[in-house]
Engineer: 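Sharing a structure below in structure tokens format, with a few things to ask.
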Amino acid sequence: MQIMLGEKIKELRKRDRRKQEDLAVALGVTKQAVSRWESNGGYPDIEMLPAIANYFHITIDELFGYDSDRLTKLQSYIDQAEQMQKHGDTVGLIEFLRNAISEFPAEWQLQYRLANALVSMGYQKSEPNKITTKGNDFIQYNTEYNAHNECWKEAIALFEEVLKKEIDNEHRTSAIFSLMWLYSWIGDQENAERTALSQSPVSISREVLLADTTIDEKSERYRGEAILGLLHELNKVLRTAVMSKHSLSHSQAGLETLLAVARLYESIFDDGNCGIFHNDMCMLYLHCSSIAVHLNESGRALNYYETALDHFLELKQIQELRLTAPLVNQAMDYRPSIVKLDREWFEEHMQSLPVECTDAVKSNPKYAAIFTQ
């Protein structure tokens, strides 16, 4: 029991990023006493056990390693939060997660979910987040307004805290992406650059490294994953570069750039099966449609819009994510971080289409299911 207790105290202290001095001050003992406990040179008096458990927000049973009940309860909170998220109850979800975190203050799974819920709530409370500054060619975020968004400021603090902890790569990547967007929205370029510069460059990403150095039977798989990763990131960067600059987002040159990216996708997924990457194609062709509207080319705008809808229908019909095109059919582990499109995206974009285009889409039975409530 003594060994387990010392190890547990040390584990909990590191979990909460506390120093031995912090625990010692809270308990009214010396740092040396805490050090002895953790090195199995002694153990605290039995009267002190409730205070230690309370300090780490756990029960005495959990302090001695009997934490199955705690884990079961934590998982039930996570499951309930996910159900609330699916039903779109953002206000209730935030309140629920705050209460759960008061019981489990160091659990990143709850902090991560609360941060995402606050991002959604902050977006609902914000005015349109993009404005075009006079005399400036770039589309900019309304950072002066967004800087006062309390939901986003709290979400930033939570994501920063989550990234200090031992979490899996998928959630770490998602948290970093969210932080980058939030810092951009509120105009905190310094922290956006700090976050970005702390990451690895493209040249030493895991996909590129494996594709360059593996020469056994896994080579085809790793090359496929590198192609998918680089393609997806190139798509995001080029779309942002075109759509954030007025002279490109309203020009034939910008349109040709996005169409070139679309053709690259089509050449790689040459059998038409884009899997989850149909989502990327939706985005590309929606932006192409926007540019065509600005160019007063309603026929092309409708064509690109319907192509986006076609990819959305393909995406909805996917039963499995397995790709079949020769260049990427062995890729298994790469999963892009995407914002999945839904009906609202298309309805919002439709508002910018000429009336004749809107009528053509609404009267086409092929797309009726997309816009049916």
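From a predicted model like this one, the values you see are computed outputs, not experimental measurements. Positions are given from 1, in the same order as the sequence printed here.
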Engineer: Assess whether a salt bridge exists between Lys8 and Glu11, defined as any Lys/Arg side-chain N lying under 4.0 Å from an Asp/Glu carboxylate O.
Structural biologist: yes
Engineer: Please determine, by modelled atom types, if Asp188 and Asn191 share a side-chain donor-acceptor pair under 3.5 angstrom.
Structural biologist: yes
Engineer: Flag yes if more than 12 heavy atoms outside Glu144 fall under 6.0 Å of its CD atom; otherwise flag no.
Structural biologist: no
Engineer: Are more than 12 heavy atoms from other residues, nucleotides or ligands located less than 6.0 Å from atom CD1 of Ile46?
Structural biologist: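 Incorrect, the count does not exceed 12.
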Engineer: Would you name the heavy atoms of Asp270 and Pro326 that are closest together and state the gap between them?
Structural biologist: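 Distance-wise, the nearest heavy atoms are OD1-CD, 3.5 Å.
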Engineer: To check you understand the geometry: which heavy-atom pair defines the closest contact between Ser251 and Ile291, and what is its length?
Structural biologist: O-CG2, 3.3 Å
Engineer: With distance as the sole test, does Arg13 use its side chain to make a donor-acceptor pair with the main-chain N or O of Asp22 at under 3.5 Å?
Structural biologist: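 A pair under 3.5 Å: no.
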Engineer: Could you list the residues that satisfy side-chain contact (heavy atoms from CB on, under 4.5 Å) with Arg300, not counting sequence neighbours?
Structural biologist: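 Result, side-chain contact (heavy atoms from CB on, under 4.5 Å) vs Arg300: Gln252, Leu255, Glu256, Leu259, Ala292, Glu297, Tyr304.
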Engineer: Measure the CD1-CG distance between Ile156 and Leu118 for me, rounded to the nearest 0.5 Å.
Structural biologist: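 One finds 11.0 Å between CD1 of Ile156 and CG of Leu118.
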Engineer: Are any of the side-chain heavy atoms of Val119 and Trp185 separated by less than 4.5 Å?
Structural biologist: yes
Engineer: Please report the C-alpha distance between His349 and Ser289 in whole Å, then the side-chain angles of each, then the deciding distance to 0.1 Å, and finally whether the side-chain hydrogen bond (donor to acceptor under 3.5 Å, both in side chains) criterion is met.
Structural biologist: CA-CA 9 Å; His349 181 83; Ser289 180; 3.1 Å; yes
Engineer: Is a donor on one side and an acceptor on the other found under 3.5 Å between the side chain of Asp89 and the backbone of Met84?
Structural biologist: no
Engineer: Is the count of non-hydrogen atoms from other residues, nucleotides or ligands lying under 6.0 Å from Gln124 atom CD greater than 12?
Structural biologist: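 It does: Gln124 CD has more than 12 such atoms within range.
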Engineer: Could you give the distance from CG (Asn40) to CG (Leu5), rounded to the nearest 0.5 Å?
Structural biologist: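 It is 9.0 Å, given to the nearest 0.5 Å.
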Engineer: Could you check Asp280 against Leu231 for side-chain contact (heavy atoms from CB on, under 4.5 Å), going step by step and ending with a plain yes or no?
Structural biologist: CA-CA 10 Å; Asp280 285 1; Leu231 179 65; over 6 Å; no
Engineer: Taking side chain as C-beta onward, heavy atoms only, is Lys316 less than 4.5 Å from Ile370?
Structural biologist: no
Engineer: Working note: Leu230 + Glu207, criterion side-chain contact (heavy atoms from CB on, under 4.5 Å); need CA distance, chi angles, decisive distance, verdict.
Structural biologist: CA-CA 9 Å; Leu230 293 170; Glu207 290 83 9; over 6 Å; no
Engineer: Mark yes or no for whether Lys31, through its side chain, and Val25, through its backbone, hold a donor-acceptor pair below 3.5 Å.
Structural biologist: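 Flag not set: sc Lys31 to bb Val25 has no pair under 3.5 Å.
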Engineer: Do Lys86 and Gln83 have side-chain heavy atoms sitting under 4.5 Å apart?
Structural biologist: yes
Engineer: Asp310 vs Met281, test: side-chain contact (heavy atoms from CB on, under 4.5 Å). Steps then yes/no.
Structural biologist: CA-CA 10 Å; Asp310 290 340; Met281 297 295 278; over 6 Å; no
Engineer: With sequence neighbours excluded, give me every salt bridge (Lys or Arg N to Asp or Glu O under 4.0 Å) pair touching residues 146-163.
Structural biologist: Arg98-Glu154, Glu150-Lys153, Glu160-Arg194, Glu161-Lys164
Engineer: Can you tell whether the side chains of Glu220 and Arg223 come within less than 4.0 Å, N to carboxylate O?
Structural biologist: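 No, Glu220 and Arg223 are not salt-bridged.
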Engineer: Side chains of Asp79 and Gln75: do they bring a donor and an acceptor to under 3.5 Å?
Structural biologist: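 There is such a pair between these side chains.
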Engineer: For Gln111 and Lys165, run side-chain hydrogen bond (donor to acceptor under 3.5 Å, both in side chains): C-alpha distance rounded to whole Å, both residues' side-chain angles, the deciding distance at 0.1 Å, then the answer.
Structural biologist: CA-CA 11 Å; Gln111 294 172 331; Lys165 300 179 179 179; 2.9 Å; yes
Engineer: Does any N or O in the side chain of Glu266 come within less than 3.5 Å of the main-chain N or O of Gly272, such that one atom is a donor and the other an acceptor?
Structural biologist: no
Engineer: Using a 3.5 Å distance criterion without hydrogens, assess whether the side chain of Ser205 forms a donor-acceptor pair with backbone atoms of Pro201.
Structural biologist: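 Side chain of Ser205 to backbone of Pro201: no pair is present.
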Engineer: State which residue, out of Leu93, Leu97, Asn116, Thr90, fulfils the side-chain contact (heavy atoms from CB on, under 4.5 Å) condition with Gln85.
Structural biologist: Leu93
Engineer: Under a 4.0 Å threshold between the charged nitrogen and the carboxylate oxygen, would Glu225 count as salt-bridged to Arg221?
Structural biologist: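 A salt bridge links Arg221 with Glu225.
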Engineer: Is Lys366 paired with Glu306 through a side-chain N to carboxylate O contact shorter than 4.0 Å?
Structural biologist: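 Salt bridge: no.
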Engineer: Looking at Lys236, I'd like to know if its NZ atom is crowded, meaning that more than 12 non-hydrogen atoms belonging to other residues, nucleotides or ligands lie closer than 6.0 Å.
Structural biologist: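 Counting neighbours around NZ of Lys236, more than 12 heavy atoms of other residues, nucleotides or ligands fall under 6.0 Å, so yes.
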Engineer: Applying side-chain hydrogen bond (donor to acceptor under 3.5 Å, both in side chains) to His171 and Asp168, what does each step give before you reach the verdict?
Structural biologist: CA-CA 6 Å; His171 287 94; Asp168 59 83; 2.8 Å; yes
Engineer: Please check this pair: side chain of Asn329 against backbone of Leu323, looking for a donor-acceptor N/O pair closer than 3.5 Å.
Structural biologist: no
Engineer: Do the non-hydrogen side-chain atoms of Leu264 and Leu234 ever get within less than 4.5 Å of each other?
Structural biologist: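 Touching, per the 4.5 Å side-chain cut-off.
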Engineer: Would you say the side-chain atoms of His232 pair up with the backbone N or O of Leu228, donor to acceptor, closer than 3.5 Å?
Structural biologist: no
Engineer: In terms of relative ring orientation, are His250 and His246 parallel, tilted or perpendicular, with 30° and 60° separating the classes?
Structural biologist: parallel
Engineer: Check whether any side-chain N or O of Asn279 sits under 3.5 Å from a backbone N or O of Leu315 as a donor-acceptor pair, and report yes or no.
Structural biologist: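 Side chain of Asn279 to backbone of Leu315, a donor-acceptor pair under 3.5 Å: no, none is there.
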Engineer: Rounded to the nearest 0.5 Å, how far does OG1 of Thr143 lie from CD1 of Ile186?
Structural biologist: 9.0 Å
Engineer: Parallel, tilted or perpendicular for His311 and Tyr285, by the 30°/60° rule?
Structural biologist: parallel
Engineer: If we ignore angles and hydrogens, is there a donor and acceptor under 3.5 Å between the side chains of Gln109 and Tyr77?
Structural biologist: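 Note: Gln109 and Tyr77 side chains miss the donor-acceptor criterion.
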Engineer: Keeping the roles fixed (side chain from Gln199, backbone from Thr195), state whether a donor-acceptor pair exists under 3.5 Å.
Structural biologist: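 Yes, because the side chain of Gln199 sits within donor-acceptor range (under 3.5 Å) of the backbone of Thr195.
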Engineer: Measure the CG-CG distance between Leu258 and Asn235 for me, rounded to the nearest 0.5 Å.
Structural biologist: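 CG of Asn235 is found 8.5 Å from CG of Leu258.
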Engineer: Tell me whether Ser35 contacts the main-chain N or O of Gln32 through its side chain, where contact means a donor paired with an acceptor under 3.5 Å.
Structural biologist: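 Here the side-chain-to-backbone pair does not exist.
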Engineer: Any side-chain heavy atom of Glu314 sitting closer than 4.5 Å to one from Cys274?
Structural biologist: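 They are not in contact (no side-chain heavy atoms under 4.5 Å apart), so the answer is no.
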Engineer: With a 4.0 Å cut-off on N to O distance, would you call Arg15 and Glu166 a salt bridge?
Structural biologist: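 So Arg15 does not pair with Glu166 through a salt bridge.
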Engineer: Of all residues at least two apart in sequence or in a different chain, which pass the salt bridge (Lys or Arg N to Asp or Glu O under 4.0 Å) check with Glu107?
Structural biologist: Arg70
Engineer: Can you find a pair of side-chain heavy atoms, one from Thr257 and one from Leu248, that are under 4.5 Å apart?
Structural biologist: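 Thr257 does not reach Leu248 side chain to side chain.
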Engineer: Taking it one step at a time, do Ser174 and Tyr112 satisfy side-chain hydrogen bond (donor to acceptor under 3.5 Å, both in side chains)?
Structural biologist: CA-CA 10 Å; Ser174 177; Tyr112 174 84; 2.7 Å; yes
Engineer: State, yes or no, whether a side-chain contact exists between Leu302 and Leu353 at a heavy-atom distance under 4.5 Å.
Structural biologist: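 No, their side chains stay 4.5 Å or more apart.
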Engineer: If I take atom OG from residue Ser290 and atom CG from residue Leu295, how far apart are they, to the nearest 0.5 angstrom?
Structural biologist: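 The OG atom of Ser290 sits 11.0 Å away from the CG atom of Leu295.
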Engineer: Can you tell me how far the CD1 atom of Ile78 sits from the CZ atom of Arg113, to the nearest 0.5 Å?
Structural biologist: 5.0 Å
Engineer: Using the rule given for side-chain contact (heavy atoms from CB on, under 4.5 Å), can you reason through Tyr123 versus Cys151, listing the C-alpha separation, both sets of side-chain angles and the distance that settles it, and then say yes or no?
Structural biologist: CA-CA 9 Å; Tyr123 200 86; Cys151 290; over 6 Å; no
Engineer: Under a 4.5 Å cut-off applied to non-hydrogen side-chain atoms, are Tyr367 and Phe312 in contact?
Structural biologist: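 Counting from C-beta outward, Tyr367 and Phe312 never come under 4.5 Å.
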Engineer: Restricting to non-hydrogen atoms, name the atom on Leu309 and the atom on Phe346 that form the minimum distance, rounded to 0.1 Å.
Structural biologist: CD2-CD2, 3.4 Å
